[in-house]
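Presented below is the structure to which this report refers.
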Amino acid sequence: MANKTLLVAQREYLENVRTKTFWLGIFIVPVLLAGVVGVSMLLEKLKEVQRYSVIDLGGGDLLARAEREFRSADAKAMWRLAAKMQDDPQLQELRDKAGATTAGEPSADQLKAVLDWVGRQDAKDLARLGELGASRRFEYVSTQQLGIAATDPQEVQRELGQRVHKGELFAYFVLGADPAKTVDDFRYVSNNFTDVGLRTSYESALTRVVQKDRIKAADIAPKVAAHIQEQVVCKPLQADSKGGTADVKKENVVDQWAPVGFVYFLWMAILGVASMLLTNTVEEKSNRIIEVLLSSVSPTQLMQGKIWGIAATGMTMVLVWVVFALAAGWTVPTLLGVSGGSAIMAVFMTLQNGGYLLSFAFYFLSGYLLYAAVLVAIGAACNTLKEAQNLTQPVMMALMIPLLSMVFIGQEPNGTVAKILSWIPFFTPFTMMNRAGGPPATWEYIGTSVLLLATIWLTMRAAGKVFRVGVLMTGNPPKLREILGWLRQS
Amino acid sequence: MQHALTLHGVTKRFGSFTAVSDLTLEVPKGCIYGFLGQNGAGKTTTIRMVMSIFRPDAGSISVLGQPDAAAIKDRLGYLPEEKGLYKKMKTAEIVAYFGKLKGMDRSTANLRARELLTRYGLGDWLDKRCEAMSKGMGQKVQVLGTIIHEPDLVILDEPFSGLDPVNRDVMRDLILDMKRHGRTVLFSTHGMEHAEQLCDYVMMIHKSRLQFAGTLAEVKRGRDRGIQLDYDGDGAVLQQLPGLARLNDHGKSAEIYLAPGRDPQQALRWLLDHVTVRRFDYREASLHEIFVRTVDDANRKLAAAGKEG
């Protein structure tokens with residue numbers, strides 16, 4: 001008996017897997033994803049360099065020091081990179097002259113050496129190293145370089161303003177006359193207020209410089225000042241059952257975006273595979289082949305065979321994706337440096353954690369079986385895809401809930417909404433996957449899984465009944481009440 | 001055990017509609033049995049109950065001596081009325097698949113599928129996809145899929161519909177072949193000539209009720225004999241034949257039934273005067289005539305019953 005189910009499943013699987021469209025569909029998803037990542041990175045690179053100028057009303061060395069401070073974050077990163085990449089010939093000079101080390105802070109002289117070095121490098125060579133933020137995106141142009149001969153600040157500002165208006169300059173800064181007393185007359189003039197990168201970075205650089213001056217003026221020892229300005233950092237620790245604490249394990253640190261990425265992926269996989277089953281059933285029914293099959297196998301065998309055959313198809317698809325993702329998970333972060341904060345990157349990072357894959361496989365299979373049972377029953381009751389689409393609408397609407405709530409649940413993995421949705425079997429796979437960052441308590445995992453499996457069993461039985469009656473029906477699609485009637489029969 | 005199939009008091013209802021009502025029937029082993037009836041008379045429902053696709057609401061069915069057809073599905077072959085194939089599958093694959101579903105092992109099924117297809121003229125199509133075939137070829141493939149496992153009872157629902165004359169002959173030979181191998185063949189048809197040529201037994205069902213069943217001779221016994229006429233000329237004149245009871249005029253040929261007591265010799269004489277007679281035959285009623293009359297009579301009875309009620 002089970003043998004026939006297997007035969008049906010096998011045929012179903014082979015028919016799907018043999019088509020070109022199946023493999024095209026499989027490969028197009030990673031290619032698209034890679035494309036999205038690639039394009040967003042390319043766009044970042046293509047971002048135009050923002051040219052800015054600065055006019056210093058004070059006339060001191062504030063401009064030069066602010067500029068150096070502005071670049072120093074980049075310089076520090078470069079200084080550490082030189083120590084990290086011992087074999088890189090381009091960085092050899094940094095190791096020799098600036099004495100780069102991986103730990104510690106560069107001294108003022110070392111920093112100056114690095115800044116000098118950066119200034120001499122070709123932009124392309126620096127882009128290769130990929131660690132520079134400000135230097136790559138913002139370019140300082142002095143008023144002389146802009147060919148502004150005027151000396152009167154009002155005149156200079158007018159000329160700079162014209163250039164900003166024409167688009168030659170992205171922005172110009174006005175540094176106040178007496179920053180030791182007030183910073184009220186500092187200005188930022190631009191026509192673009194959406195891209196605030198330049199302004200915020202430059203502002204914080206200025207703040208650091210001005211603070212330093214004021215500390216000096218107030219005759220506060222630098223040590224004292226550093227002590228006062230120290231930032232509070234809370235060390236993260238995990239609590240255990242005895243109330244003790246331990247260092248946070250690496251696998252428990254999950255970016256909130258990673259589960260969201262997983263849920264979306266799960267959603268696509270379940271929906272895709274389950275609708276494959278729906279289409280397949282309706283086609284087979286309108287094909288009339290179903291009656292021949294029913295003379296050899298029982299409706300239950302046929303239904304089970306189809307469900308498992310397509311499950312195998314879906315698993316193949318997901319497996320190929322997982323292989324791609326694993327490969328990407330191991331290579332992409334090291335390739336690009338771990339700087340990327342995007343959701344995809346977070347997913348890749350978490351992929352290195354095996355438990356995720358395991359629960360993904362479980363929730364995919366259980367979610368698929370649940371929705372498959374519903375859709376196969378609908379498919380059996382309908383004669384055309386159009387009819388089926390009407391009947392599947394409520395299912396699709398229900399499926400929107402995990403999609404709409406996925407960001408919210410990702411942020412509040414142990415909130416009331418998340419907890420309630422976990423106990424609704426039709427949402428369990430998505431919600432539990434979504435809450436992985438929490439993570440939910442073990443009893444929640446077990447309880448919801450038991451409920452989910454029980455629901456799958458019940459739904460399968462009901463689907464079997466609908467399938468048995470519906471699969472040979474022709475004519476008008478049955479009303480919901482009639483379908484419920486079939487459930488009561490036999 | 002003499003019967004391949006026994007139905008006793010079988011009834012099937014769909015909601016308020018009765019598809020088959022109180023049907024009792026015996027199909028002897030090794031015969032060819034024809035199911036006759038109009039569209040929607042209940043033939044397909046009966047067949048589906050025999051195949052245990054539907055369960056009867058009342059009555060019992062015994063197939064090959066078994067009360068439960070599901071248990072002996074592998075010994076049955078079934079070609080449904082609406083015929084379909086997996087379009088993307090190759091011809092030999094699908095025939096073998098049907099065999100495997102009937103419990104044949106893989107290699108035997110594959111081998112036998114290729115052998116059957118070759119024997120019935122589809123040797124060039126073994127590895128071609130079903131979607132590329134014409135309707136007639138597809139139907140042949142389906143029939144081969146039905147019989148690949150050498151079933152004891154073969155049930156064919158409208159096997160001749162949609163076939164050209166050459167393929168009809170192929171189908172006929174297939175059915176005769178199966179009988180020769182000792183199998184029981186049951187088929188439903190609208191083509192009375194096929195029933196008349198092939199069947200040992202026929203039954204007719206009309207509006208869910210059995211009208212008659214038996215050997216061809218039994219069915220024809222006691223019916224009016226009629227004149228089979230081939231003629232040239234204006235067929236309208238035939239209506240004026242003295243003593244005419246009923247006429248089936250086909251334009252070039254006609255079946256003529258005379259009122260009781262009328263002499264066919266006189267009718268011949270009259271006909272010779274009015275049309276050019278090419279053939280004149282006075283013989284038992286054709287199955288076609290019996291079919292049409294049965295439908296007429298049954299409808300008249302039903303109408304009368306309706307008026308009374």
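Note that this is a predicted model, so its numbers are computed, not measured. Only this structure's heavy atoms are used, side chains among them; waters, hydrogens and symmetry mates stay out. Throughout, protein chains are lettered first and strands after them, A, B, ... in sequence-line order, and every chain is numbered starting at 1.
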inquiry  = I'd like to know whether NE2 of His190(B) has more than 12 heavy-atom contacts from other residues, nucleotides or ligands below 6.0 angstrom.
reply    = yes
ask   = Within a radius of less than 6.0 Å around CZ of Arg168(B), do more than 12 heavy atoms belonging to other residues, nucleotides or ligands occur?
value = yes
query = What's the spacing between Arg18(A) CZ and Met89(B) CE if we round to 0.5 Å?
reply = 7.0 Å
query = Around Arg172(B), counting heavy atoms of other residues, nucleotides and ligands shown, do more than 12 lie under 6.0 Å from its CZ?
reply = yes
Phe160(B) CZ: over 12 foreign heavy atoms closer than 6.0 Å = yes
task = Give, as side chain, backbone, both or neither, the part of Leu76(B) having an atom under 4.5 angstrom from any heavy atom of chain A.
result = neither
note = In terms of heavy-atom contacts, Ser295(A) and Met51(B) come closest through CB-CE, 3.5 Å
task = Taking the side chain as every heavy atom from C-beta outward, state whether Val292(A) and Ile94(B) have any atom pair closer than 4.5 Å.
result = no
query = Considering only heavy atoms, which portion of Arg106(B) lies under 4.5 Å from any heavy atom of chain A: side chain, backbone, both, or neither?
reply = side chain
inquiry  = Check this for me: Trp308(A), atom CH2, are more than 12 non-hydrogen atoms of other residues, nucleotides or ligands nearer than 6.0 Å?
reply    = no
message = Under 4.0 Å between a side-chain nitrogen and a carboxylate oxygen: does that hold for Glu283(A) and Lys88(B)?
response = no
ask   = Most heavy-atom pairs under 4.5 angstrom with chain A, which of Tyr78(B), Phe54(B), Tyr86(B)?
value = Tyr86(B)
query = Do the non-hydrogen side-chain atoms of Lys4(A) and Asp74(B) ever get within less than 4.5 Å of each other?
reply = yes
ask   = Given Lys100(B) and Arg11(A), is the side chain to side chain contact (heavy atoms under 4.5 Å, CB included) satisfied, shown in steps?
value = CA-CA 11 Å; Lys100(B) 283 181 245 174; Arg11(A) 198 210 69 85; over 6 Å; no
ask   = Salt-bridged, Arg48(B) to Glu291(A), with N to O below 4.0 Å?
value = yes
ask   = Could you give the distance from CD (Glu93(B)) to CD (Glu15(A)), rounded to the nearest 0.5 Å?
value = 9.5 Å
Part of Phe14(B) within contact of chain A (heavy atom distance under 4.5 Å) = neither
task = Could you tell me which non-hydrogen atom of Leu101(B) sits nearest to which non-hydrogen atom of Leu293(A), and how far apart they are?
result = CD1-CD2, 3.7 Å
ask   = Is Tyr120(B) atom OH crowded by more than 12 heavy atoms from other residues, nucleotides or ligands, each under 6.0 Å away?
value = yes
